[in-house]
Enquirer: 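Below you will find the structure I want to go over with you.
Nothing here was measured: the structure is a model prediction, and the numbers come from that model.
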Amino acid sequence: MGISADQWLEEAERMEPASEPGTASSWPCIESIIARPADLPPLPPVLVEGVLRQGGKMILTGASKAGKSFALIELAASLATGGKWLGMQCQPCRVLYLNLELRREMFLSRVAHVIEESSIDPEQVANNFNVWNLRGTVASMDDLIEHLGQADFDVLIVDPIYKLQQGDENSAGDIGALCRGLDSICERFGCTVVYAHHHSKGDKTTSSVIDRGSGSGVFARDADAILDLSELDHQDTGDGVSAWRCEFVLRDFAYREPLNLWWRYPRHLVDVTGELKGCRALSGAKSNTAAASAKRAEEVALRMIESSGGEGILRKSLLAELGIDRKTLSAYLEGSQLLYSDPLPTGAVI
């Protein structure tokens, strides 16, 4: 690793002026270039092997149903324990997960299932993994920055980023302001920021990784690392498993080969057999994960029913866990051979 995170922060603080950000006196001084490698300042520590350094910004983009939130939960657990994420070694650190979308009980349920399926020590995760459940609370980036002063963290995960947006997603000026707010968080707290973003509509197979995210191109140009999840054209085996490819655009590291992954609730697993190597990405028109999504919904419902003692669950609880609409859930339940659902909107699923 070279130097520790604390040593790097001490060096950064020594080089930076003490004035408040935004004032003229806070600007760095003009300096002579350093021509000898031996005289260079230390680089920030690597947090995710070959992908991300401390103080950087990483964006995870992907299509609907790619399991982006689950992937970020897996990342948080790996950072908290110093484990591997998608086969990449992580440096142990303190993680603060900003949950801006799910209800508290739903988010905690997801984390517990990921930890259980990953064979990670729950106590070890709890020591370094904290969550801030702010659904319906955060009004703006300034509001968030003001309240972050009470937190202690090395990595901030924002899920999803659109919840912090103000203005037009397609406006370079509005998204530029959002990205400057993220910069302010990185500088002020000496932390790394990771966030989830969604694909724009349409066929992504003809687009480069950097252009797949929705909204202004400022998103892609701003990030130090972009990881993109695209579904692969792989025959559905009927077991609720789908195939995905993770591609990388990296500013601080050399080119990295794409990773082929299996998405089986609640985890992403690297394809170590090479079965997915020759698979092509599905276009927006061809992509059809309905069968896999229905199977996953059934598996989640059965797990929740088992946790409730087998007495059934409310449909609204299942909707919240899956993050889908009532019409889609009704279609899944009607096609299930294992579940019975009361026809009322809030009826029980057994």
Enquirer: Just how far is it from atom CD1 of I305 to atom CD1 of I313, taken to the nearest 0.5 Å?
Expert: 5.0 Å

Enquirer: Hey, any chance V155 and F70 share a hydrophobic cluster, counting ILVMFWY side chains that come within less than 4.5 Å of each other, even indirectly?
Expert: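 Hydrophobic grouping puts V155 with F70.
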
Enquirer: Is there a chain of hydrophobic side chains (I, L, V, M, F, W, Y, each step under 4.5 Å between heavy atoms) that links V125 to V131?
Expert: yes

Enquirer: Would you say the side chain of W244 lies within less than 4.5 Å of the side chain of L276, judging by non-hydrogen atoms?
Expert: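 No, their side chains stay 4.5 Å or more apart.
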
Enquirer: Please report the interatomic distance CZ(R245) to CG(N260), rounded to the nearest 0.5 Å.
Expert: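 Answer for the CZ-CG pair, R245 versus N260, is 4.5 Å.
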
Enquirer: Anything under 30° is parallel, anything over 60° is perpendicular, the rest tilted; go ahead and classify W263 against H268.
Expert: parallel

Enquirer: Can you tell me how far OG of S242 sits from CG of L282, rounded to the nearest 0.5 angstrom?
Expert: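 OG of S242 is found 10.0 Å from CG of L282.
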
Enquirer: Compare every heavy atom of G56 with every heavy atom of C186, then report the nearest pair and how far apart it is.
Expert: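 Closest pair (atom of C186, atom of G56, distance): SG-O, 4.0 Å.
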
Enquirer: Just by modelled atom types, is the H197 backbone N or O under 3.5 Å from a matching donor or acceptor in the T61 side chain?
Expert: no

Enquirer: Taking the side chain as everything from C-beta on, heavy atoms only, tell me whether D252 gets closer than 4.5 Å to L43.
Expert: no

Enquirer: How close do G87 and V270 get, heavy atom to heavy atom, and via which atoms?
Expert: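 In this case the closest contact between G87 and V270 is N-CG2, 4.1 Å.
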
Enquirer: Are side-chain heavy atoms of K68 and L72 found at a separation under 4.5 Å?
Expert: no

Enquirer: Can you name the closest pair of heavy atoms from S69 and R110 and give their distance?
Expert: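 Scanning both residues completely, I find the closest heavy atoms to be CB-NH1, 3.8 Å.
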
Enquirer: Less than 4.0 Å between a side-chain N and a carboxylate O, is that true for D233 and R280?
Expert: no

Enquirer: Taking L134 as the fixed residue, which of L100, V158, L164, D143 is the one that meets the side-chain contact (heavy atoms from CB on, under 4.5 Å) rule?
Expert: L100

Enquirer: Under 4.5 Å between any side-chain heavy atoms of M141 and I145, yes or no?
Expert: yes

Enquirer: Show the numbers, then the answer: is there a side-chain contact (heavy atoms from CB on, under 4.5 Å) between W132 and T137?
Expert: CA-CA 11 Å; W132 210 354; T137 301; over 6 Å; no

Enquirer: Dump the intermediate steps for side-chain contact (heavy atoms from CB on, under 4.5 Å) on F253 and R53, then the final yes or no.
Expert: CA-CA 9 Å; F253 295 89; R53 292 185 180 274; 3.7 Å; yes

Enquirer: Within the 4.5 Å heavy-atom criterion, are N128 and L79 side-chain neighbours or not?
Expert: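 No; the side chains remain at least 4.5 Å from each other.
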
Enquirer: Mark yes or no for whether E49, through its side chain, and Q91, through its backbone, hold a donor-acceptor pair below 3.5 Å.
Expert: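 Side chain of E49 to backbone of Q91, a donor-acceptor pair under 3.5 Å: no, none is there.
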
Enquirer: Within a strict 4.5 Å, meaning less than it, do heavy atoms of the L144 and L98 side chains meet?
Expert: yes

Enquirer: Between R135 and M106, does a side-chain contact (heavy atoms from CB on, under 4.5 Å) hold up when you go through it step by step?
Expert: CA-CA 12 Å; R135 171 173 161 167; M106 294 298 103; over 6 Å; no

Enquirer: Measure from the side-chain N and O atoms of T273 to the backbone N and O of E275, and report whether any donor-acceptor pair falls under 3.5 Å.
Expert: yes

Enquirer: Check whether any side-chain heavy atom of P41 sits under 4.5 Å from a side-chain heavy atom of I34, and report yes or no.
Expert: yes

Enquirer: Just do the side-chain contact (heavy atoms from CB on, under 4.5 Å) check on L182 and Y195 with the steps written out, would you?
Expert: CA-CA 10 Å; L182 297 176; Y195 58 92; 3.5 Å; yes

Enquirer: SG/C279 to CG/D271 distance, rounded to the nearest 0.5 angstrom?
Expert: 8.5 Å

Enquirer: Angle class for the F107/F129 ring planes (parallel below 30°, perpendicular above 60°, tilted otherwise)?
Expert: perpendicular

Enquirer: On the 0 to 90° scale, with breaks at 30° and 60°, tag the H234-W262 ring pair as parallel, tilted or perpendicular.
Expert: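 H234 and W262: perpendicular rings.
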
Enquirer: Quick check against the 3.5 Å criterion: does W85 have a side-chain atom that pairs as donor or acceptor with the backbone of A77?
Expert: no

Enquirer: Does R251 CZ have over 12 foreign heavy atoms under 6.0 Å away?
Expert: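 Yes, enclosed.
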
Enquirer: Any link between I59 and Y162 through a network of hydrophobic side chains (Ile, Leu, Val, Met, Phe, Trp, Tyr) touching at under 4.5 Å?
Expert: no

Enquirer: Can you find a pair of side-chain heavy atoms, one from T192 and one from M58, that are under 4.5 Å apart?
Expert: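 Counting from C-beta outward, T192 and M58 never come under 4.5 Å.
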
Enquirer: Could you check whether any side-chain N or O of S109 sits under 3.5 Å from a backbone N or O of E105, counting only pairs where one atom can act as donor and the other as acceptor?
Expert: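 No; zero donor-acceptor contacts below 3.5 Å.
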
Enquirer: Quick check: closest heavy atoms across A225 and L250, and the distance to 0.1 Å?
Expert: CB-CD2, 3.9 Å

Enquirer: What are the two closest heavy atoms between D228 and G62, and how far apart are they?
Expert: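 In terms of heavy atoms, the two residues are closest at OD1-N, 4.2 Å.
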
Enquirer: Atom SG of C191 and atom CG of D154: how far apart are they, to the nearest 0.5 Å?
Expert: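 With rounding to 0.5 Å, SG (C191) is 8.5 Å from CG (D154).
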
Enquirer: For a quick test of reading the model, state the closest non-hydrogen atom pair linking V114 to P266 and the distance between them.
Expert: CG2-O, 3.6 Å

Enquirer: So that I can tick it off, tell me whether K57 and D183 are bridged by a salt bridge, with the cut-off set at under 4.0 angstrom between side-chain N and carboxylate O.
Expert: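 Yes, this pair counts.
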
Enquirer: Could you tell me the separation between the CD1 atom of I226 and the CD atom of E247, rounded to the nearest 0.5 Å?
Expert: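 Rounded to the nearest 0.5 Å, the CD1-CD separation comes to 11.5 Å.
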
